[in-house]
Amino acid sequence: MIALVDCNNFYASCERVFQPQYIGRPVVVLSNNDGCVIARSNEAKALGVEMGALAHEMEPFFQKNGVAVFSSNYTLYGDMSSRVMHTLQSFAPEVEIYSIDEAFLDLTTFKHYNLMEYTTEIKETVHQYTGIPVGIGVGASKSLAKAANKYAKKVHKDKGVYVIDNEEKREEVLRWLPLGDIWGIGRRNQSYFGVQHGVNSAWEFSKLSDEFVRQKMGVVGVRLLKELNGIPCIDMETIRPSKQNICTSRSFPKNIESKEIIEQAVGTFITRCGEKLRMDKTCAGVITVFLYTNRFRTDMRQHHGSLSVKIPIPTNHTPELMHYGMRAFEEIFKNGYLYKKAGVIVQDIVPQDQVQGALFQKIDRTKQTKLMDLLDSINGSMGQDKVRYAVSGYGREWRLRMEKLSNCYTTNWNEILKIKLR
DNA sequence: TCTGGGGTCCTAGGACCC
DNA sequence: TCTGGGGTCCTAGGACCC
């Protein structure tokens, strides 16, 4: 049996842990640049606040209805996530961290337990240890665990836990689960099977033939079909494979024309990519830089520049990444456009101890590695970009708008929670 | 005024091999 | 008359996830 543990309204819940006055009140969290709504508490959902609603349009509504509004605080959410995951790891031998707020637990060894009781204990413990409410679904496959989790949250709200441990319960959940809410059915397939072929529920989908599903969805669909019918086809991935791509990109809070400022942004993104590579102990063999004008402003001249540059010997040293990345930047930057977004992707990633050298070039990177280690340790303890590359500059123009940022209560001594005693 | 960021997997088709 | 058969690798694009 597999359990899926999913944090309820995760970002909103994180904010509430340290500002409990918002428990029971509507809370929303905004995207980068405070652009649109990306997370809502149940109270906010009940008020009809939509996912993706534009923040500036909603402002009067938020005021009127007493909705608490936060900028995204990924430092806080990331740390809260690792607390939740650590807690879960004490309940199962195999835990797959699936996303910032979700994990699969292999409960095979607990099959003789009362799983309702056991998962309820997990839920209560996570809440006690971290302050984060979770919902748990259990089933014979990952897809069934996902379905059970949805069912637990919507239908068995009081318990927040649901276990599919027999055929009747499987049918009950699948009959309830709308087609589009199946894990792996996105907009396209929902429209194909739902609108064109009259399939409305997961139950009806599960009765389709392999061939019919394969035609539209390939093997992915057939796997899903089997999973819903209780035959697990998607394995647990407890060891996180190293990433195949790493991307750092941002939209700017306003349109930017200046080459110098965009160069500062790109320089910073390259630095971030280097840090991420070194954190993963990997090196990249290709670096891509891209620049976009505002695609929503159809009245303005558009330019989508993107260029990939091969790095002769895969690296994770920032100066080298900077060299090739900036070469790409020089190629794609065009004067006279208003840029809205830029980013850097590193690809062809290999473990840093398996880097293929060049035939006629001896590689000795001891010095650079020492330098990078030192830089990472300084910036790690003193704060990001404390020591920075000159090209990154000090410009603020491109930096995220975060007007409603909460404190980093768990990662910064200066922002730790203060309690007054009377 | 404004509309996020970061990933994975699969497939088809082209280019190439013997 | 009748055009072999069986592979791999790479890339772009589509679909999906949170």
*Asks:* Taking atom P in both B/dT3 and C/dC18, compute the distance separating them and give it to the nearest angstrom.
*Replies:* 24 Å
*Asks:* Determine whether A/Leu225 and A/Asp210 make a side-chain contact, defined as any pair of heavy atoms from C-beta on separated by less than 4.5 Å.
*Replies:* yes
*Asks:* Identify the 5'-most and 3'-most nucleotides of DNA chain C with at least one atom closer than 4.0 Å to a non-hydrogen atom of chain A.
*Replies:* C/dA15 to C/dC18
*Asks:* So what does A/Ile185 touch, heavy atoms closer than 4.0 Å: a base, only the sugar-phosphate, or nothing?
*Replies:* sugar-phosphate
*Asks:* Identify whether any heavy atom of A/Ile246 sits under 4.0 Å from a base atom; if not, whether one sits that close to sugar-phosphate; answer base, sugar-phosphate or nothing.
*Replies:* sugar-phosphate
*Asks:* How would you label the contact of A/Lys216 with the nucleic acid (heavy atoms, under 4.0 Å): base, sugar-phosphate, or nothing?
*Replies:* nothing
*Asks:* Given axes from five pairs at either end, by how many degrees does the helix from B/dG5-C/dC18 to B/dC18-C/dG5 bend, rounded to 10°?
*Replies:* 10°
*Asks:* Is the charged tip of A/Arg388 near the ring of A/Tyr394: under 6.0 Å from the six-membered ring centre and within 45° of its axis?
*Replies:* yes
*Asks:* When you compare the side chains of A/Asp79 and A/Thr410, does any donor N or O come within less than 3.5 Å of an acceptor on the partner?
*Replies:* yes
*Asks:* Is it the case that the side chains of A/Glu15 and A/Tyr77 hold a donor-acceptor pair, with the cut-off being a distance below 3.5 Å and no angle test?
*Replies:* yes
*Asks:* With a non-hydrogen cut-off below 4.0 angstrom, is A/Glu57 in contact with a base, only sugar-phosphate, or nothing?
*Replies:* nothing
*Asks:* Do the side-chain N and O atoms of A/Gln302 and A/Thr293 include a donor-acceptor pair separated by under 3.5 angstrom?
*Replies:* yes
*Asks:* Heavy atoms only, 4.0 Å cut-off, all strands: where does A/Ile38 land among base, sugar-phosphate and nothing?
*Replies:* nothing
*Asks:* What's A/Thr248 touching, base or sugar-phosphate or nothing? Going by heavy atoms closer than 4.0 Å.
*Replies:* sugar-phosphate
*Asks:* Got a sec: does the NZ of A/Lys341 have more than 12 other heavy atoms crowding it under 6.0 Å?
*Replies:* yes
*Asks:* Have a look at A/Ile182 and say if it touches a base, only the backbone sugar-phosphate, or nothing, with a 4.0 Å heavy-atom cut-off.
*Replies:* sugar-phosphate
*Asks:* Map A/Lys254 and A/Arg223 onto DNA chain B by nearest heavy atom, then report which one ends up closer to the 5' terminus.
*Replies:* A/Lys254
*Asks:* Under the rule for side-chain hydrogen bond (donor to acceptor under 3.5 Å, both in side chains), what residues qualify as partners of A/Glu50, not counting sequence neighbours?
*Replies:* none
*Asks:* Using a 4.0 Å heavy-atom cut-off, does A/Asn189 contact any base of the nucleic acid, only the sugar-phosphate backbone, or nothing at all?
*Replies:* sugar-phosphate
*Asks:* Between A/Ser31 and A/Ser242, who's closer to the 5' end of DNA chain B by nearest nucleotide?
*Replies:* A/Ser31
*Asks:* For a quick check under 3.5 Å, do A/Ser209 and A/Arg214 share a side-chain donor-acceptor pair by atom type?
*Replies:* no
*Asks:* Report which part of the nucleic acid A/Pro241 touches: base, sugar-phosphate, or nothing (heavy-atom distance under 4.0 Å, all strands).
*Replies:* nothing
*Asks:* When A/Val309 is tested against each of A/Ile287, A/Thr288, A/Val289 for side chain to side chain contact (heavy atoms under 4.5 Å, CB included), which residue passes?
*Replies:* A/Ile287
